[in-house]
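Shown next, in structure tokens, is the structure this report addresses.
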Amino acid sequence: MSTRDLGALGEPIARREDPRLLTGRGRYVDDFGQHALEVAFVRSPHAHARILDIDVTGALDVDGLVAIYTYDDLEERVAEPLPILIPHPALTDGRTQYALAKDEVNHVGEAVAMVVATDRYVAEDAAGLIRVDYEPLSPVVGIEAAREATELVHDDVPGNVAANMVQERGDARAAIAAAPHVIELDLAIERSASTPLEGKGVYARWDADDASLRVYSATQASTSVRSAIAAKLGLPPDRVEVIAPDVGGGFGVKIVHPWPEEILVPWAAIRLGREVKWTEDRREHFVSAAHERGQLQHVTAGFDDEGRLLGLDVRIWHDNGAYTPYGIVVPIVTSTQLLGPYKPGAYRVEFDSLYTNTVTVTPYRGAGRPQGCFAMERTMDAIAAQLGLDRTVVRERNFIQPDEMPYDHGLIFQDGRPLIYDSGDYPATLAKIKKLVGWDDFQAYREQARAEGRRVGIGLACYVEGTGVGPYEGGWVKVETDGSVVVATGLTTQGQGHQTAFAQVVASELGVPIDRVTVVTGDTRRFRYAVGTFASRAAVMSGNAVAAAARKVRQKALRIAAEALEADPGDLEILDGIVQVKGVPGASIPLSTVAVLSNPLRYAFDEEAKRATQFATAADPDKPPVAEGDEPGLEATGYYSPPRSTFANGMHAAIVETDPDTAEIKILRYCVVHDCGTLINPRIVEGQIHGGVAQGVGGALYERMVYDESGQLLNASFMDFLMPYATEVPVIETDHLQTPSPLNPLGIKGAGEAGVIPGSAVLAAAIEDAEGISITRMPISPSELHELRHAHAAPKERP
Amino acid sequence: MTDLHTVELTVNGVPRTADVPARRLLSDFLRHDLELTGTHVGCEHGVCGACTVLVDGAPMRSCLLFAVSVNGASVTTVEGCSTATGELGPVQQAFLECHGLQCGFCTPGFVTTITAYLEQNPEPTEDEARHAIAGNLCRCTGYQNIVGSVLRAAELKREAGAAV
Amino acid sequence: MKVTGSAVLHAPRDRVWAALTDPEVLVRTLPGCQQLEQVGPDYYKATVYAGVASIKGLFSGEVKLSDRIEPDSFVMHASGAGGPGTVSADVQVRLAEVDGASTRLDYDADAVIGGMIGGVGQRMLTGVAKRTAEEFFTAVDDVLLGRAELAAPAVGVPGVTGAPIEIAAEGERPVYTAPPRARPATSVATVLGSAVVGALIALAGVLIGWLIAR
Amino acid sequence: MKPPPFVYHRPDNVDEALDVLAEVASDGKILAGGQSLVPLMSMRLAAPGHLVDINGLSELGGIRIGHDGVQVGATVRHAELEGDEAAFAVQPLLRQALAYVAHPTIRNRGTSVGSLAHADPAGELTAVLALLGGTVTVRSRAAERTVPAAEFFLGPLESAVRPDELATSAYFPALPPKTGSAWTEVSRRNGDYAICGVGALVTVDDDRRIVTARLGLISVGPTPVVVDVSESLVGQRANAATFADAARLVEDTVDPEGDIHATAEYRRHLAGVLTGRALANATERALEVTT
């Protein structure tokens, strides 16, 4: 690794994308195609039903209607089920939907017919006139119903079990049997969802002359969408361009691909020879995108008198909804990441991934970790309570110590690689969070509050997050002849500030001012190979990839400059976009000139170019202008492919107050200590944490997907799905550690998901502490806390 | 039913007109008929606030208004919250400085709401700033930096006022 | 949603039974019901002008009666669909003599409200259902007490009651058309229990309350 | 989510509006603020064939203040009424309750009379009107009538305004002397529909004893609920009053429904708790104006 001048790296600079976004010049999918035809879907009102007949005649007279499609209109591979993106041997009974429902619908909101019209208003008019005759079937709703399996979601999947998987290290059950103390906990987390402010959207234009397709999609994985569209529509991949423009938040739901609409909209555009656009509305997003989090978990823990975990046995029932397009990543993540910073003597985990007639489940920020963290941290609190120990003491006794790193858990992680923690200092993190929240002073505060008739409680939760999942990302860096630098990487951006962070990486690697660097993401025209933005991987993966590309460019620049300056490359440095001989002022050449020289020219099209033309250079007449093995241009492509994930960690602590009368829950303080290795831009990382915490608070106190027994989602709007406003999110106090990852040159660990992970765990702990009532289900509302108080008080009143 | 109505608005100081059906929502009128796509639509039922624009100076949900019903009004969108010379306005500048946005989708509604709010209350406390933005949803930022942006924008406006 | 409730109707059980299974009575008592078309034994197609306040609309669905154990109980199955939503309900109705002059009606409904209305109407559904149930039972009671004509003037729209029910034969199928009528004044006294919810009304599609299926 | 088509009417005066209403009858709806109607239409839960836009009718604007009360025209926005100092002076409960109506942005467009006509059982102003014993004036082509609050709210989303009628104004009586008012509510998020909301009016005598105490509640029944708790408090020293009996009385009176946000039992409990809080605040204010 060359000596790096960190320069802008690590600086909390303002984001370079912001002026555009702040003045209304952002370009989101629905901002394109103002004259495109627009799509509306007829979606099932039933959770489980057979489609007997679709009668479109009522809609045919609608002025402005262009086309109506049902399953019967679909051709070839468009008529096949959508792919299972992440196959797994344990996923024995994976099922996916058809782009338009064939014969049967399996959740409310599944698309049955597609209407194309001159605008969305007209499309909805026509959709409302299509009559679908259904034969309702018994729906399976909720994990208990799925487990009982008296009714089946898919006739050919017995027990509603899509997957069953066991992982074990040591003999956990024997260890528990031999342990001095054993506790059992039943824990539940309800459904929530990503709910980005911008829904999904697809806009497609077909160029018949060029036989090429361009698709704009609000996706987290444009290269994969391109592959999926090419495969489904039978097009050569190089005839398909997919662009993720500005995307209004993702949080996981936009990683799934292809969504039915990503196939249907381009398909219709080709068939009709017209531009076609679909913009998901909020209700569609609730009933036809994806949810997550719904899990039941039974924990059995054996421990010694000191509170050390001797054996841990966890049984998980995961609600995967109607289909499994994204495989079983979520329960695998819960199974493995549940362990957090701890090292139980032996561990066994088994999950069933179960079908229900509800919206499909795919990862939502945190992706199974909030459930796992809830299980582990509630267990730690229960152990402390049983032994009468301070909750931080029990945790500390179970921590993996810094000198045990790298630590191999003996399990397989979601990326198919061994679960090996690369680095982290958990005792130091704990010390920091205790100090930040004032853990040791809380008892005094509690007494004081109690004297004022107030109930307060404190909670703490720890997590470890595998980030920077492979297989790879790539980056391309080019220095233009005006000295500006363009950077492209294939993964996409949904607000993470990649145009700033990657520019910081490249600017510091190359030695150019950051305002000369422009970054493009998620555009298959600009970079062809990529995986996507998920699993807190962008900074780790593309950060290191663009760094690798920039380093290659730097080396080439130094080589060319050395020839021009007649100096040794080793004596050169690049400062502020100028290559110079160290310690020799005046012996320098701007990168712009190096870029000119890197590309031997015949034609001079401007003043700069003249310097590279054939009569202007004093090139060796015996050598080819472009040396063997070399390439014209000051540009390079680099890739980063890690051996395995890198593990960030952190701890949250919260102080809550519960109203003795109304049972309202107020967060008085919320503290975060976070370690994601080297920070590229601390301000961006802090923003990620704030946003994650807000989602964690939402998941703990406000948000849930309420299904009734018939599979109707009862709160499919922002009126009733209670995403927090500013008044519901506490002030977030943060502190950082920086334990660099040894796995990548920049020492980065991911930060995107961390903030959300411990939300339910830490708030349940604080509420339990305030109330003296065991909290085992999240989220919790004031109404539910009120009920718990009654249930808790009842035995005393009526012995 | 499909009769068109001529709607004339002054948008960001510029007279604009288009013939639209009565049911055209102001949000769609701005975005599609006038191609001012800075105003975003996040829920279309008046809860998220992304579509907030100023109608005769007052913030309103453009998704809850029929364009025809505000015929003749003066409308300010996020595009109109910049300075006369096209530079960032004080609220926009504050968002830039305070990292008050991530994906930027909800941002236009915050910028318009805060722009109007600071006219009413030029020196908000932190708590007032938080309440001022409490009718707008953001899924990215956790609001902390938006609250900071409100306070910073107030500061910038005061500085600009003092400089004049 | 599962809903239960009960009401006391001021007539002997056999008369209540007769009224509740008589399309001529149903067509004039089901709130908003405009037309019942008999398509088979105990099987009707219904046209309902349903809604709340001036937000109203036409809705069509079907009603079947089954498991008739006269005069104790029967089951109503109702279903229908409009643009904004669907409704279907199975309603178990039981009649019990209170005394010679009145009958207690208990119902257990399992209603499924689907589509947009199911996802956004939760806050209002039970309230609307309850209101509509009261209206229905009051109307039935009025018929039973022979005071149906008296109900209308109470809400002050003259000249809309007392018109005969028109029965037109459309092919083999009798069609019952409701006379123009005003909304009867409700009388909470006829409805028992705090959790009375008018799932019975699902059969009239009225749980869609404020739907308009145009 | 786009609204269905409709015929748009923008009458030049109230008579013209009433003519249209008479003609289109129940196929028509008034468009005032539209903050409830437009989302219902976008969700296609409402599809009126005709909208009669009254926003341009200046004769329906304006807040008229008298010693006896506040008259609010049909096009007066919540924000206008909330900010009106003279209205606050005559009837402070208006501003106290309006602060809880959704968010300020909604209040900038939504009209107070419109929200009464909409008769949402969670609408703060319904209980304010009912508690104060106000009236709503409605006009049709044939007649004008003034409907007392007690007869105005018929059911959830159902007011006494008939299809051919236009609610032209609402009248809120002034706060009597030696009286304090208060509004309090619990909602899930700031600005959400209340899980329970309570307004209180407390009148004291010169001896600082409570004379009357009344409450108006929302979200605990199909229409606003008014409870007179004077009997449980009369004669009590206002500064030492305890409101436990009043709270129990209210709990026993209301008949709330459960929903996805709160059980019926919790709503009932809140009605009691908030009754105590609203009475305490109102009593305190009554004492302030009585000294």
Side-chain angles (χ1 to χ4, degrees), chain B residues 1-7 20-28 32 41-73 109-110 112-114 116-117 120-121 127-128 130-137 143, chain D residues 1-11 27-57 75 77-80 82-83 99-111 114 187-193:
Chain B
M1 279 282 174
T2 51
D3 286 354
L4 297 184
H5 300 258
T6 301
V7 174
V20 297
R23 61 169 158 167
R24 181 77 90 241
L25 298 167
L26 178 61
S27 46
D28 289 335
H32 299 302
V41 172
C43 75
E44 293 182 288
H45 51 270
V47 183
C48 79
C51 69
T52 305
V53 299
L54 308 186
V55 179
D56 295 326
M60 294 185 189
R61 308 285 203 231
S62 62
C63 78
L64 296 187
L65 295 169
F66 294 114
V68 69
S69 185
V70 293
N71 194 13
F110 278 94
T112 50
T113 302
I114 295 165
Y117 177 76
Q120 279 178 18
N121 183 1
D127 192 50
E128 286 169 342
R130 195 169 276 272
H131 276 86
I133 59 164
N136 291 59
L137 287 173
Y143 303 106
Chain D
M1 282 200 259
K2 304 292 182 193
F6 55 86
V7 176
Y8 178 73
H9 304 268
R10 196 179 179 96
D27 198 24
K29 276 294 284 181
I30 299 288
L31 176 64
Q35 303 298 282
S36 297
L37 177 63
V38 178
L40 281 174
M41 290 178 67
S42 286
M43 293 168 178
R44 302 206 176 206
L45 300 179
H50 298 261
L51 281 194
V52 183
D53 187 344
I54 61 167
N55 284 289
L57 302 183
T75 58
R77 317 291 170 190
H78 293 304
E80 190 184 344
E82 184 185 5
Y100 288 90
V101 176
H103 295 109
T105 306
I106 299 294
R107 301 204 288 274
N108 282 339
R109 185 69 183 179
T111 63
S187 59
R188 288 294 276 118
R189 294 175 301 188
N190 173 50
D192 278 343
Y193 291 109

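These numbers come from a predicted model, not from an experiment. Within every chain, numbering begins at 1; the chains are lettered A, B, ... in the order of the sequence lines, protein sequences first and strands thereafter.
Contact annotation for Val47(B): only side-chain heavy atoms (C-beta onward) come within less than 4.5 Å of a heavy atom of chain D. Contact annotation for Asn71(B): neither backbone nor side-chain heavy atoms come within less than 4.5 Å of a heavy atom of chain D. In this structure, chain B has no heavy atom under 4.5 Å from any part of Arg77(D). Contacts between Asn108(D) and chain B at a heavy-atom distance below 4.5 Å involve backbone atoms as well as side-chain atoms.
A pairwise comparison of heavy atoms in Thr105(D) and Thr52(B) identifies CG2-CG2, 4.1 Å as the closest pair. Across all non-hydrogen atoms, the minimal contact from Ser69(B) to Arg10(D) is O-NH1, 3.5 Å. Summarising the geometry of Leu64(B) relative to Pro39(D), their closest heavy-atom pair is CD2-CD, 3.4 Å, with the distance given to 0.1 Å. Nearest approach of Met1(D) to Cys43(B), heavy atoms of both residues: CE-O, 3.4 Å.
Between Tyr8(D) atom OH and His5(B) atom NE2 the span is 8.0 Å, to the nearest 0.5 Å. Taken to the nearest 0.5 Å, the NE2 atom of His103(D) stands 7.0 Å off from the CZ atom of Arg61(B). Atoms NE2 and OG, on His45(B) and Ser36(D) in that order, are 13.0 Å from each other to the nearest 0.5 Å. Distance CZ/Phe66(B) to CG/Leu51(D): 5.5 Å, rounded to 0.5 Å.
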After noting the C-alpha distance and the side-chain angles of Asp53(D) and Val68(B), does the key distance pass the side-chain contact (heavy atoms from CB on, under 4.5 Å) rule? CA-CA 10 Å; Asp53(D) 187 344; Val68(B) 69; 5.6 Å; no
Checking side-chain contact (heavy atoms from CB on, under 4.5 Å) for the pair Arg189(D)/Leu137(B): CA distance, chi angles, key distance, verdict? CA-CA 12 Å; Arg189(D) 294 175 301 188; Leu137(B) 287 173; 4.3 Å; yes
Does the pair Lys2(D) and Glu44(B) meet the rule for a side-chain contact (heavy atoms from CB on, under 4.5 Å), with working shown? CA-CA 8 Å; Lys2(D) 304 292 182 193; Glu44(B) 293 182 288; 2.7 Å; yes
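Comparing Ala79(D), Pro3(D), Gly56(D) by how many heavy-atom pairs each has under 4.5 Å with chain B, the most go to Pro3(D).
Counting heavy atoms from C-beta outward, Asn55(D) and Val70(B) have side chains that stay 4.5 Å or more apart.
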